[in-house]
Amino acid sequence: MATARDIMTSGAECIGAEENVLLAAEKMAESGVGALPICGTDNKLKGMLTDRDIVVKVLGAGKDPSATTAGELAQGEAVTIGADDGAEEIMTTMTEHRVRRLPVIDGHDLIGMVAQADVARALPDPQVGDLLKALSTD
């Protein structure tokens, strides 16, 4: 069975908790991604910042993206997956927490990101359908 380490995209770039949301949006655009892990000055994961967070919680709320920090949008503890966890465990975690992307952690280090599409490619067809259904229902 494929593990997170096998299917993840390595080299995930963090946005610092003290960095502004405008910089985060620029990093997302340059990298072609829709989410960035938020890391603190201690280099520990503080949460995830999505393009939707920027639109809804910053722009839609009339906030200035150059004056709003990524850390202000971090909510609770970040949902992660271990590097050696299998695709089924990833699917279960995504389904339980209703997330489409997970930071991959090895010990305390962020080593990559695994997305819904990565898991879909690693699972048998019936399980892929279950994952898509669980993440697409409101």
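The figures that follow rest on heavy atoms only: side chains count, while hydrogens, waters and symmetry mates do not.
Between A83 and D106, the shortest heavy-atom distance links the atoms CB-CB, 4.1 Å. Minimum heavy-atom separation, L110 to I105: CA-CD1, 4.0 Å. Shortest non-hydrogen contact noted between E19 and G16 is OE1-N, 2.6 Å. Nearest heavy-atom pair across G82 and A4 is O-CB, 3.5 Å.
The line from CD of Q116 to CE of M91 is 11.5 Å long, rounded to the nearest 0.5 Å. Put simply, CG on D118 and CD1 on I90 are 8.5 Å apart, with the number rounded to the nearest 0.5 Å. Atom-to-atom distance recorded for D84:CG and E89:CD is 12.0 Å, nearest 0.5 angstrom. Rounding to the nearest 0.5 Å gives a distance of 9.5 Å between CG of D51 and CG of L36.
The shortest distance between side-chain heavy atoms of K44 and C39 does not fall below 4.5 Å. The shortest distance between side-chain heavy atoms of I81 and V114 falls below 4.5 Å. Side-chain contact check for V104 versus T80: every heavy-atom pair is 4.5 Å or farther apart. When side chains are defined from C-beta on, P37 does not count as touching I15, because their heavy atoms never get closer than 4.5 Å.
A salt bridge is defined here as a Lys NZ or Arg NE, NH1 or NH2 lying under 4.0 Å from an Asp or Glu carboxylate O, and R5 with D85 fails to meet this definition.
Using modelled atom types and a 3.5 Å distance limit, the side chains of T69 and E72 yield a donor-acceptor pair.
Not counting sequence neighbours, E18 has no partner by the salt bridge (charged side-chain N to carboxylate O under 4.0 Å, His left out) test.
The side chain to side chain contact (heavy atoms under 4.5 Å, CB included) test with M113 is passed by exactly one of M8, E13, M48: M48.
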Take R101 and T50 through the side-chain contact (heavy atoms from CB on, under 4.5 Å) test and state the conclusion after the steps.
CA-CA 10 Å; R101 304 169 190 95; T50 67; 4.1 Å; yes

Could you give me the CA-CA distance, side-chain angles and deciding distance for I38 and L45, then say whether side-chain contact (heavy atoms from CB on, under 4.5 Å) is met?
CA-CA 6 Å; I38 302 170; L45 190 63; 5.8 Å; no

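For the pair K27 (side chain) and C14 (backbone), a donor-acceptor distance under 3.5 Å is present. Checking side-chain atoms of D109 against main-chain N and O of I111 turns up no donor-acceptor pair under 3.5 Å. Although no hydrogens or angles enter the test, the distance criterion places a donor-acceptor pair under 3.5 Å between the side chain of N20 and the main chain of L23.
The cluster map of Ile, Leu, Val, Met, Phe, Trp and Tyr, joined by side-chain heavy atoms under 4.5 Å apart, puts V33 and L49 in the same cluster. The same ILVMFWY cluster, assembled from side-chain heavy atoms under 4.5 Å apart, contains both M94 and V79.
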